[in-house]
Amino acid sequence: MKSIITYIDLIDISRQLENNNTVQAINLMLEMHKLIYAAGSCKMPRHRHIYFWNDSTMLYAEVKGDQDYEPIMKEANGLKRAIDQICSSYAISLVGNTFPEPFPWAGYEYAAGDMSQPKTVFLRPSGLTFANCFVIEKTLGSKYKKPWYVDKEIAQKLSTTQTFYSINADLYPNNQRVVNMYDGDLWQSDLNTDE
């Protein structure tokens, strides 16, 4: 199924850890985790799955038609704006297909004594789109340091007036894709609000 994958990462957490600001870095990550959990529970209905770990989050939303792009991206933008209140971040949004779930009919197996999470977890965003988020992070993010990197296929369906610069990015599987690098938030609205 065609999906929008959005990867959001906090800026400078590694630098804080390297500079022995471990407690501050951990507190920022834990605060982000609480925010994402709260937002994902009630303010992001268009996202089927929201994953978070350390200083990162991955959003997964299925696209059924052109009308889905903007509402999905408004949720992602609202979450990023909320995260930025804790610590500056950048976001990468790409559209593409994900791998099929390997055993969708199987029940979950839990580790002995731990019912909090299945023992094995398949990440629904898995696929080349997911991998390409990290390609953009490595190749464009480190060079341009913009707050948003958005696949042109998504960007064409958005009503944002935010300024951007387009660049061709070499992504998997051996093709170029136009990515818009935005200078700020896509919209000034917060989660679960209208512009």
Side-chain angles (χ1 to χ4, degrees), residues 4-44 47-61 72-94 114 116-117 121-151 154-155 160 162-165 167 169-172 179-193:
I4 293 177
I5 308 298
T6 299
Y7 171 68
I8 302 172
D9 195 53
L10 298 181
I11 296 171
D12 287 336
I13 292 295
S14 296
R15 185 174 301 146
Q16 287 188 35
L17 292 170
E18 290 165 4
N19 292 331
N20 292 321
N21 293 329
T22 306
V23 172
Q24 181 180 354
I26 290 171
N27 287 338
L28 289 172
M29 289 186 276
L30 294 175
E31 191 174 345
M32 182 192 79
H33 295 174
K34 290 177 191 170
L35 171 84
I36 293 167
Y37 184 80
S41 297
C42 61
K43 295 184 177 182
M44 301 182 69
H47 285 85
R48 291 205 49 207
H49 298 283
I50 300 170
Y51 306 92
F52 55 92
W53 65 98
N54 294 348
D55 63 344
S56 305
T57 185
M58 179 71 65
L59 312 176
Y60 169 81
I72 289 168
M73 290 303 294
K74 282 192 172 186
E75 286 182 3
N77 182 76
L79 179 63
K80 183 188 177 308
R81 283 173 53 85
I83 290 170
D84 286 344
Q85 298 299 309
I86 297 168
C87 182
S88 295
S89 68
Y90 60 89
I92 300 164
S93 289
L94 300 173
D114 182 5
S116 64
Q117 180 174 321
V121 178
F122 173 76
L123 298 179
R124 292 298 302 267
S126 294
L128 296 181
T129 306
F130 186 31
N132 283 331
C133 288
F134 298 106
V135 171
I136 288 174
E137 177 183 44
K138 182 179 178 183
T139 59
L140 301 182
S142 60
K143 181 176 181 181
Y144 294 101
K145 303 198 182 303
K146 295 291 185 177
W148 271 101
Y149 302 85
V150 180
D151 188 328
I154 298 170
T160 182
Q162 181 58 255
T163 56
F164 66 90
Y165 173 77
I167 192 163
D170 292 319
L171 302 177
Y172 300 122
V179 175
N180 289 358
M181 301 183 300
Y182 289 87
D183 294 321
D185 294 328
L186 301 176
W187 298 277
Q188 296 302 310
S189 57
D190 294 321
L191 274 176
N192 222 9
T193 62

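Hydrogens, waters and symmetry mates are skipped; everything else that's a heavy atom, side chains included, is used.
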Legend entry - Candidate pair Met181 and Phe164, rule side chain to side chain contact (heavy atoms under 4.5 Å, CB included), full reasoning: CA-CA 5 Å; Met181 301 183 300; Phe164 66 90; 5.9 Å; no
Can you tell me how far [atom2] of [Y] sits from [atom1] of [X], rounded to the nearest 0.5 angstrom?
X: Asn132; Y: Leu94; atom1: CG; atom2: CG; result: 6.0 Å
X: Cys87; Y: Met29; atom1: SG; atom2: CE; result: 10.0 Å
X: Leu28; Y: Ile83; atom1: CG; atom2: CD1; result: 12.0 Å
X: Thr163; Y: Asp183; atom1: OG1; atom2: CG; result: 3.5 Å
X: Leu10; Y: Met32; atom1: CG; atom2: CE; result: 5.0 Å
X: Ile136; Y: Leu171; atom1: CD1; atom2: CG; result: 5.0 Å

Inset, instruction - Check the pair Leu35 / Glu31 against side chain to side chain contact (heavy atoms under 4.5 Å, CB included), numbers first and verdict last. - result: CA-CA 6 Å; Leu35 171 84; Glu31 191 174 345; 6.0 Å; no
Legend entry - Neighbour count above 12 (heavy atom, 6.0 Å) for Tyr172 OH: no
Inset, instruction - Evaluate whether atom OH of Tyr37 has more than 12 neighbouring non-hydrogen atoms of other residues, nucleotides or ligands under 6.0 angstrom away. - result: no
Heavy atoms only: give me the nearest [X]-[Y] pair and the separation to one decimal.
X: Gly40; Y: Ile50; result: CA-CD1, 3.5 Å
X: Pro125; Y: Met58; result: CG-CG, 3.9 Å
X: Asn180; Y: Ala155; result: ND2-CB, 3.3 Å
X: Ile92; Y: Cys133; result: CD1-O, 3.3 Å
X: Ala76; Y: Ile8; result: O-CD1, 4.3 Å
X: Tyr182; Y: Lys146; result: O-CB, 3.5 Å

Donor-acceptor pair, side chain of [X] and main chain of [Y], under 3.5 angstrom:
X: Asn77; Y: Leu186; result: yes
X: Lys80; Y: Ser89; result: yes
X: Tyr51; Y: Arg124; result: yes
X: His33; Y: Asp55; result: no
X: Asn19; Y: Arg15; result: yes

Inset, instruction - Check whether any side-chain heavy atom of Met73 sits under 4.5 Å from a side-chain heavy atom of Trp187, and report yes or no. - result: yes
Inset, instruction - Please step through side chain to side chain contact (heavy atoms under 4.5 Å, CB included) for the pair Asp185 and Asp84, ending with a clear verdict. - result: CA-CA 10 Å; Asp185 294 328; Asp84 286 344; 4.2 Å; yes
Inset, instruction - Kindly determine whether Ile167 and Tyr144 satisfy side chain to side chain contact (heavy atoms under 4.5 Å, CB included), including the steps that lead there. - result: CA-CA 11 Å; Ile167 192 163; Tyr144 294 101; 3.1 Å; yes
Legend entry - Chi angles and distances behind the ring-ring contact (aromatic ring centres under 6.0 Å, His included) call for Tyr60, Phe130: CA-CA 10 Å; Tyr60 169 81; Phe130 186 31; over 10 Å; no
